[in-house]
Visitor: 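If you scroll down you'll find the structure; I have some questions about it.
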Number of protein chains: 2
Amino acid sequence: MTLKLDKVNRGPHLSTLVASSISREIAQGRLRPGDQLPTEQQLAQTFGVSRNVVREAIARLRSEGRIWSQQGRGAFVADEPNATVLTIDFDALQQATAFQSLFELRGILEVQAAALAAKRRTDDDLLAMKEALATMRNAPYGSVMWLKTDLEFHKTVAAATGNAYMVQFLMFVSERVRESILASGNQQRSEDLAAVTLGEHQRILDSIEAKNAEEAQEAMRAHLHGAASRVGLAEEQSE
Amino acid sequence: MTLKLDKVNRGPHLSTLVASSISREIAQGRLRPGDQLPTEQQLAQTFGVSRNVVREAIARLRSEGRIWSQQGRGAFVADEPNATVLTIDFDALQQATAFQSLFELRGILEVQAAALAAKRRTDDDLLAMKEALATMRNAPYGSVMWLKTDLEFHKTVAAATGNAYMVQFLMFVSERVRESILASGNQQRSEDLAAVTLGEHQRILDSIEAKNAEEAQEAMRAHLHGAASRVGLAEEQSE
DNA sequence: GAAACCGATGTTGTATGATAACCATGTAAG
DNA sequence: CTTACATGGTTATCATACAACATCGGTTTC
């Protein structure tokens with residue numbers, strides 16, 4: 001417990017700072033699983049905030065499964081982060097291997113989702129996909145609108161699986177991937193790429209329309225392979 | 001805002017109940033993106049708790065990205081749950097279709113993880129898997145220890161992919177699935193099943209040891225198929 | 001008339017103190 | 001040795017107060 005907070009802090013809430021500070025102590029191993037946290041009063045004094053703020057931070061960490069607390073005893077670092085919430089550290093994603101791992105995970109989900117979508121899609125699903133693709137055609141390549149509709153298209157594919165969690169997970173992972181790409185500023189910009197990307201999407205759409213799971217899977221794989229190289233990822237042979 | 005909380009509530013924290021209650025209002029569309037939440041005072045009055053408890057709930061929802069708040073104005077439902085955290089509502093999982101969806105998602109990840117593990121596993125990975133399997137043999141079927149080592153085995157498989165996010169996601173999903181199964185009390189108990197399950201695990205281990213991705217994939221699929229029927233899930237033809 | 005100023009009011013952010021419920025521990029009574 | 005009780009420490013909750021900020025209306029000023 002070393003961090004001291006300035007009195008003048010017009011940024012995130014104090015509880016957020018306290019929470020991430022404690023979180024860091026845990027991540028860095030200065031607070032080990034099973035360890036008892038300082039009492040709320042001590043924490044309040046250490047950080048120079050009210051006990052109320054500390055409690056908000058504690059509540060947050062508890063909801064994230066990082067700690068657990070018992071009335072009359074204290075708060076303890078959770079043995080295993082049996083989290084009821086899943087988080088991804090943005091900073092860690094800046095490292096190439098981490099990014100590649102997340103990209104791979106997304107790929108697995110996307111490819112399987114495409115196959116399932118081809119089997120289960122309804123006409124409404126198809127309509128939504130076509131609509132998203134049409135919107136993307138009218139957006140300038142690389143623009144915010146373009147990126148948004150790109151994600152939207154993939155979302156409609158995921159939705160066509162009829163699996164709500166597929167949508168939730170895929171969007172979660174994709175968002176993180178997209179953020180990381182934007183942050184690194186690694187995307188190339190070219191008019192040609194727009195046509196290429198749209199063509200890949202069209203192929204996915206067609207195969208799902210034809211209810212051809214094998215083809216949809218392969219089309220999605222090809223699309224992701226293209227996306228990877230566009231971002232400068234040396235992709236590994238898969239399957 | 002309808003829920004009234006009993007004064008006598010010796011369960012989860014009040015802030016947890018308030019948070020999930022508001023969360024439900026959002027999920028059910030009674031609070032739409034952009035809508036302003038009632039003031040903290042109103043919420044406190046509605047739920048019959050102090051403003052302090054409401055603030056802890058708000059802090060939690062804010063950290064989950066579901067709402068945002070500005071000093072002097074109020075709290076608002078986030079336009080897009082651009083959450084930096086991913087959560088799964090436990091209550092919703094009680095419904096059969098939701099559970100089935102999550103089970104399917106887990107299956108996708110497990111199967112692909114098994115294939116990747118077969119390709120990339122190191123000798124250390126293999127050792128960890130064997131160790132986990134050995135521990136499971138010594139645990140009584142259906143016991144807490146058994147369930148724990150079962151999860152541990154699957155974790156070692158996921159770890160053998162070398163993809164940290166695969167581990168994180170798979171464990172997250174598996175935990176939720178396991179919780180839901182335990183809550184429903186739907187698992188059968190029989191000595192025979194122990195041998196069957198162990199056999200399935202052994203087959204997975206063997207194929208990964210042989211670096212046979214196809215076989216590992218198939219073994220994992222079979223294992224999950226067995227697990228599904230053991231839990232009473234009518235599984236759908238996949239692939 | 002338009003723009004700038006000003007104050008009243010409502011809301012969130014934070015601090016402080018108090019009380020109830022609960023746990024752990026030690027100590028005295030049986 | 002066991003039980004009962006007293007005590008101190010900790011979390012959970014409540015209540016109140018104040019600071020910081022936003023909004024809105026009226027007033028002044030140009």
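This one's a predicted model, so the numbers in the text were calculated from it and none came from an experiment.
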Visitor: Under 4.0 Å between a side-chain N/O of A:Ser50 and OP1 or OP2 of C:dT14, yes or no?
Guide: no
Visitor: Quick one: is D:dT10 close enough that its OP1 or OP2 comes under 4.0 Å of any side-chain N or O from A:Gln70?
Guide: no
Visitor: Which residue lies toward the 5' end of DNA chain C, B:Thr39 or A:Ser15, if each is placed at its nearest nucleotide?
Guide: B:Thr39
Visitor: Identify the heavy atoms of A:Ser101 and B:Gly162 that sit nearest to each other, and give their distance.
Guide: OG-O, 4.3 Å
Visitor: Tell me which nucleotide among D:dA12, C:dA24, C:dA15 gets nearest to the side chain of A:Arg73.
Guide: C:dA24
Visitor: Answer with yes or no whether the side chains of B:Thr197 and B:Arg230 bring together a donor and an acceptor at under 3.5 Å.
Guide: yes
Visitor: Please tell me if A:Arg62 has a side-chain N or O lying less than 4.0 Å from either OP1 or OP2 of D:dT11.
Guide: no
Visitor: Select from A:Gln41 and B:Gln71 the residue whose nearest nucleotide in DNA chain D is closer to the 5' end of that strand.
Guide: A:Gln41
Visitor: Looking at B:Lys155 and B:Glu152, is there a salt bridge between them, counting it only when a charged N and a carboxylate O are closer than 4.0 Å?
Guide: no
Visitor: Looking only at side-chain N and O atoms, does A:Arg51 come under 4.0 Å of OP1 or OP2 in D:dT13?
Guide: no
Visitor: For a quick test of reading the model: is some side-chain N or O of B:Arg55 closer than 4.0 Å to OP1 or OP2 of C:dT12?
Guide: no
Visitor: Identify the two heavy atoms, one from B:Leu43 and one from B:Ile22, that lie closest to each other, and give their separation to 0.1 Å.
Guide: CD1-CD1, 4.2 Å
Visitor: Report the distance from atom CG of A:Asn52 to atom P of C:dG13, rounded to the nearest whole Å.
Guide: 12 Å
